[in-house]
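All chains are named by letter (A, B, ...) in the order of the sequence lines, taking the proteins before the strands, and each is independently numbered beginning at 1. No experiment lies behind these values; they were computed from the predicted model shown.
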Number of protein chains: 2
Amino acid sequence: MSENRVLVPFKENGHAHQRCMESALTVAEQTCRARGVRLTNIRRRVLELVWRSHEPVKAYDILARLQDEHSGSAPPTVYRALDFLQTEGMVHKIESLNAYVGCGDPNHMHIGQFLICRDCGAVAEMDDDDVRILLAEKAGNLGFQIDREVIEIKGLCAVCATEKR
Amino acid sequence: MSENRVLVPFKENGHAHQRCMESALTVAEQTCRARGVRLTNIRRRVLELVWRSHEPVKAYDILARLQDEHSGSAPPTVYRALDFLQTEGMVHKIESLNAYVGCGDPNHMHIGQFLICRDCGAVAEMDDDDVRILLAEKAGNLGFQIDREVIEIKGLCAVCATEKR
DNA sequence: AATGATATGTTATAATGTAACAATTTACAG
DNA sequence: CTGTAAATTGTTACATTATAACATATCATT
Ligand SMILES: [Zn+2]
Ligand SMILES: [Zn+2]
Ligand SMILES: [Zn+2]
Ligand SMILES: [Zn+2]
């Protein structure tokens, strides 16, 4: 049985993003409580800042905002929080952009396949078993055992493709 | 009809790497001549340094070697050469490592799927149409049109898996 | 040889990320 | 409670990766 879940859809026109964010924050809180780890103020705030949009957010942009709120913030403040959030599955790093996106599904530990729109910058996350299975097979043909996959796909999202028409 | 070409195999025990490198350099020279672009001394030397092994090479490691040979070298020297080599398809960047690997097939323009061994650091490049087709299909289901793919797979290569046994 | 295009030299700086250690806060056992 | 260890945050410094901007040199063509 295979699965093709879309974890973070592209923003539809006028989608209520406030809800995306609130939902993600709520899930994060529940997840942390269940795991006995602490979603401290800093971590929570960084997660909020990552979720401000569906575009990948840069560490130093997060830092700039933190510094507006609390001058004691420094690079380690942000990177530590991001490390925590990645470990707990609430944030993924987009390697090809040196930027971070929120994940709405921290309970099912995974790293998905990212679709990144060259026009609007929005990112969608798929978590597709067919892709995973095919790659495992192809790698296996070379005797390679997969630990982790970085799959970042650049292109044009549906909304932007429509607008171009 | 689909294709699963292995462009850069994992190094077999005692494989004659000198030949990998010479072959890549020869192809590069021919390709540049055919395209009317110039494989200058710097570019050629950077390509050689990328091909010193099958492990991804860092820009500043290349720079250090260039500086041994010519003190006038600076970061732009390396990054310009790498840009040229990437544009001409002779080098690929591994985004998740900020490092560069040689490609032996600059004529068939592509960016492949990389298998990166966590143990020996070697990288193999696949260029697999099945993977490309499946990803295009899955992305297409979301209305997404693919321009470019970054696929970097971490794991254990066949040689290292055998040694572990 | 003159010319424009390409490539390289040079300096400075931007952007991204980490090491190391001190201070503070939290959890919790006694 | 209160002392203690662990976890978190503060702070400073630095390492790594990459680019901007402009000067100089080289190459290709006339
Ligand atoms: Zn949203
Ligand atoms: Zn995810
Ligand atoms: Zn070789
Ligand atoms: Zn290649």
K.L.:
Within the 3.5 Å criterion, strictly below it, is a donor on A:Ser73 or A:Gln67 matched to an acceptor on the partner's side chain?
P.N.:
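On atom types as modelled, these side chains do not qualify, holding no pair under 3.5 Å.
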K.L.:
Would you kindly give the CG-to-P distance between A:Leu85 and D:dT9, to the nearest whole Å?
P.N.:
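Checked: the CG to P distance equals 11 Å.
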K.L.:
For the side chain of A:Lys58 and the backbone of A:Leu97, is there at least one donor-acceptor N/O pair under 3.5 Å apart?
P.N.:
yes
K.L.:
Any heavy-atom pair between the side chains of B:Val150 and B:Glu152 that's under 4.5 Å?
P.N.:
yes
K.L.:
Roughly, in whole Å, what's the span from CD in A:Gln67 to C1' in D:dT12?
P.N.:
14 Å
K.L.:
Write down the distance between CD1 (B:Ile94) and P (D:dA18), rounded to a whole number of angstrom.
P.N.:
13 Å
K.L.:
I need the CD1-C1' distance between B:Ile62 and D:dT16, as an integer number of Å.
P.N.:
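The answer, rounded to whole Å, is 15 Å.
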K.L.:
State, without any angle test, whether A:His110 and A:Glu125 hold a side-chain donor-acceptor pair at a distance under 3.5 Å.
P.N.:
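There is such a pair (donor and acceptor under 3.5 Å, judged by atom type) between the side chains of A:His110 and A:Glu125.
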K.L.:
Among all residues two or more places apart in sequence or in another chain, which pass the side chain to side chain donor-acceptor pair (under 3.5 Å) test with A:Arg38?
P.N.:
none
K.L.:
With a 3.5 Å distance limit and no angle check, can you tell me whether B:Arg35 reaches the backbone of B:Glu88 through a side-chain donor-acceptor pair?
P.N.:
yes
K.L.:
Separation of A:Leu63 atom CG from C:dT18 atom C1', in whole Å?
P.N.:
14 Å
K.L.:
With the criterion being N/O to N/O and under 3.5 Å, what pairs connect the protein with nucleotides 7-17 of chain C, and how long is each?
P.N.:
from: C:dA7; atom 1: OP1; to: B:Arg43; atom 2: NH1; distance (Å): 3.1
from: C:dA7; atom 1: O5'; to: B:Arg43; atom 2: NH2; distance (Å): 3.4
from: C:dT8; atom 1: OP1; to: B:Thr40; atom 2: OG1; distance (Å): 2.7
from: C:dG9; atom 1: OP1; to: B:His70; atom 2: NE2; distance (Å): 2.9
from: C:dG9; atom 1: N7; to: B:Arg80; atom 2: NH1; distance (Å): 2.9
from: C:dG9; atom 1: O6; to: B:Arg80; atom 2: NH2; distance (Å): 2.3
from: C:dT16; atom 1: OP1; to: A:Lys58; atom 2: NZ; distance (Å): 2.6
from: C:dG17; atom 1: OP1; to: A:Lys93; atom 2: NZ; distance (Å): 2.6
from: C:dG17; atom 1: OP1; to: A:Asn98; atom 2: OD1; distance (Å): 3.4
from: C:dG17; atom 1: OP2; to: A:Tyr79; atom 2: OH; distance (Å): 3.1
from: C:dG17; atom 1: N7; to: A:Tyr60; atom 2: OH; distance (Å): 2.6
from: C:dG17; atom 1: O6; to: A:Tyr60; atom 2: OH; distance (Å): 3.3

K.L.:
Rounded to whole Å, please give me the gap between CZ in A:Arg45 and P in D:dT9.
P.N.:
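Rounding to the nearest Å, CZ of A:Arg45 and P of D:dT9 are 15 Å apart.
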